Amino acid sequence: MTSNYNSIMETRDIISLISKIREKVNRFIVAEMGKHGIDGIGTSHGDIIYALFKKPRLTMADISKSIRKDKSTVTALVDKLVRLGYVTKERDREDTRIVYVALTDKGSELKPIFESISKEMLDLFYLNISEKEKEELLHVLKKIYSNF
């Protein structure tokens, strides 16, 4: 009876556990950025910078879609990155409703640091996890994600 109850509780606690893992990963990333002298930006800012590493000039709408955050949130995040000197904003000349965001040289210099932090984080994340377990985890999480 007890093992059945524990099994049910563990199953119900998965969402909480996923949330706690996310918090730990975010804290790890922010701490590692601090070690490299990158202060004042969080993981959501990092999502924008990563999107710009892939394509160096994006519209605010493209960024919003890419990082799955609403436009007002993206605007606040981008404005902070502008203040910190990592990106620039520029209105489209023909359609002033369109705003482009691009990395500055200072923003581009983050790429090797972000790649290093990402590698360290993934090495820690998957420590003692087999390739088969990684594949199974990804498969199950994709199924859960598609339920919403």
Side-chain angles (χ1 to χ4, degrees), residues 1-36 38-84 86-89 92 95 97-104 106-148:
M1 194 87 151
T2 304
S3 71
N4 207 9
Y5 175 77
N6 287 339
S7 173
I8 292 169
M9 286 310 296
E10 288 176 15
T11 302
R12 292 182 65 198
D13 291 341
I14 288 174
I15 294 170
S16 175
L17 184 58
I18 289 170
S19 178
K20 288 174 184 170
I21 291 168
R22 181 175 182 258
E23 286 174 27
K24 283 186 168 207
V25 167
N26 287 344
R27 277 198 303 270
F28 175 86
I29 291 169
V30 170
E32 289 300 309
M33 287 192 304
K35 288 179 188 174
H36 288 89
I38 305 165
D39 294 310
I41 64 172
T43 54
S44 293
H45 297 103
D47 292 340
I48 293 170
I49 292 168
Y50 257 117
L52 290 166
F53 288 157
K54 292 178 188 165
K55 190 172 180 194
R57 188 170 186 251
L58 292 169
T59 66
M60 295 285 269
D62 290 338
I63 291 171
S64 181
K65 241 184 276 176
S66 173
I67 70 168
R68 294 181 178 90
K69 297 224 185 274
D70 64 66
K71 289 179 186 173
S72 62
T73 301
V74 169
T75 298
L77 293 168
V78 166
D79 286 347
K80 183 167 186 181
L81 290 172
V82 168
R83 284 193 306 277
L84 292 170
Y86 294 116
V87 302
T88 59
K89 279 178 22 176
D92 187 278
D95 185 346
R97 295 171 299 175
I98 299 172
V99 177
Y100 289 99
V101 179
L103 284 173
T104 61
K106 182 179 177 181
S108 295
E109 289 169 6
L110 294 174
K111 189 170 186 175
I113 296 168
F114 275 35
E115 287 174 350
S116 170
I117 292 170
S118 181
K119 183 188 178 321
E120 287 177 52
M121 187 269 304
L122 287 170
D123 287 348
L124 183 59
F125 189 88
Y126 287 120
L127 188 65
N128 300 317
I129 308 291
S130 72
E131 286 302 315
K132 186 176 188 318
E133 289 171 321
K134 288 179 196 178
E135 290 171 19
E136 290 169 354
L137 175 63
L138 182 60
H139 177 73
V140 170
L141 290 175
K142 281 181 174 180
K143 284 173 78 171
I144 292 169
Y145 184 79
S146 70
N147 289 341
F148 292 92

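Position 1 is the first residue of the sequence; numbering continues from there. Computed from a predicted model, the values in this text were never measured in an experiment.
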Side-chain ion pair, [X] and [Y], N-O less than 4.0 Å:
X: E32; Y: K35; answer: yes
X: K132; Y: E135; answer: no
X: D47; Y: R68; answer: no
X: R83; Y: D79; answer: no

When rounded to the nearest 0.5 angstrom, what is the spacing between [atom1] in [X] and [atom2] in [Y]?
X: R22; Y: I18; atom1: CZ; atom2: CD1; value: 11.5 Å
X: L77; Y: T73; atom1: CG; atom2: OG1; value: 6.5 Å
X: L141; Y: S146; atom1: CG; atom2: OG; value: 11.0 Å
X: S72; Y: M60; atom1: OG; atom2: CE; value: 9.5 Å
X: H36; Y: E109; atom1: NE2; atom2: CD; value: 13.5 Å

4.5 Å side-chain heavy-atom contact, [X] and [Y]:
X: V140; Y: I144; value: yes
X: Y100; Y: L58; value: no
X: L110; Y: Y86; value: yes
X: T88; Y: V82; value: no

Quick one: does any side-chain atom of [X] pair with a main-chain N or O of [Y] as donor and acceptor, under 3.5 Å?
X: T43; Y: G46; answer: no
X: K24; Y: S19; answer: no
X: K106; Y: L84; answer: yes
X: E133; Y: S130; answer: yes
X: D13; Y: S16; answer: no
X: S64; Y: K69; answer: yes

Dump the intermediate steps for side-chain contact (heavy atoms from CB on, under 4.5 Å) on V99 and D92, then the final yes or no. CA-CA 6 Å; V99 177; D92 187 278; over 6 Å; no

Is atom [atom1] of [X] surrounded by more than 12 heavy atoms (other residues, nucleotides or ligands) closer than 6.0 Å?
X: R27; atom1: CZ; value: yes
X: I15; atom1: CD1; value: no
X: K89; atom1: NZ; value: yes

Within 45° of the six-membered ring axis of Y126 and under 6.0 Å from that ring's centre, is NZ or CZ of K134 located there?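 Because its charged atom sits under 6.0 Å from the ring centre and within 45° of the axis, K134 does stack over Y126.
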
Can you name the closest pair of heavy atoms from [X] and [Y] and give their distance?
X: V101; Y: L52; result: O-CD2, 3.5 Å
X: I41; Y: M33; result: O-CE, 3.4 Å
X: G40; Y: K80; result: O-NZ, 2.6 Å
X: G34; Y: D39; result: CA-OD1, 3.6 Å
X: L81; Y: I49; result: CD2-CD1, 3.9 Å

Are D62 and T59 linked by a side-chain donor-acceptor pair shorter than 3.5 Å?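 Yes - a donor-acceptor pair under 3.5 Å links their side chains.
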
For residues 39-71, which residue pairs qualify under ring-ring contact (aromatic ring centres under 6.0 Å, His included), counting only residues two or more places apart or in two chains?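 Sorted pair list: Y50-F53, Y50-F114, F53-F114.
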
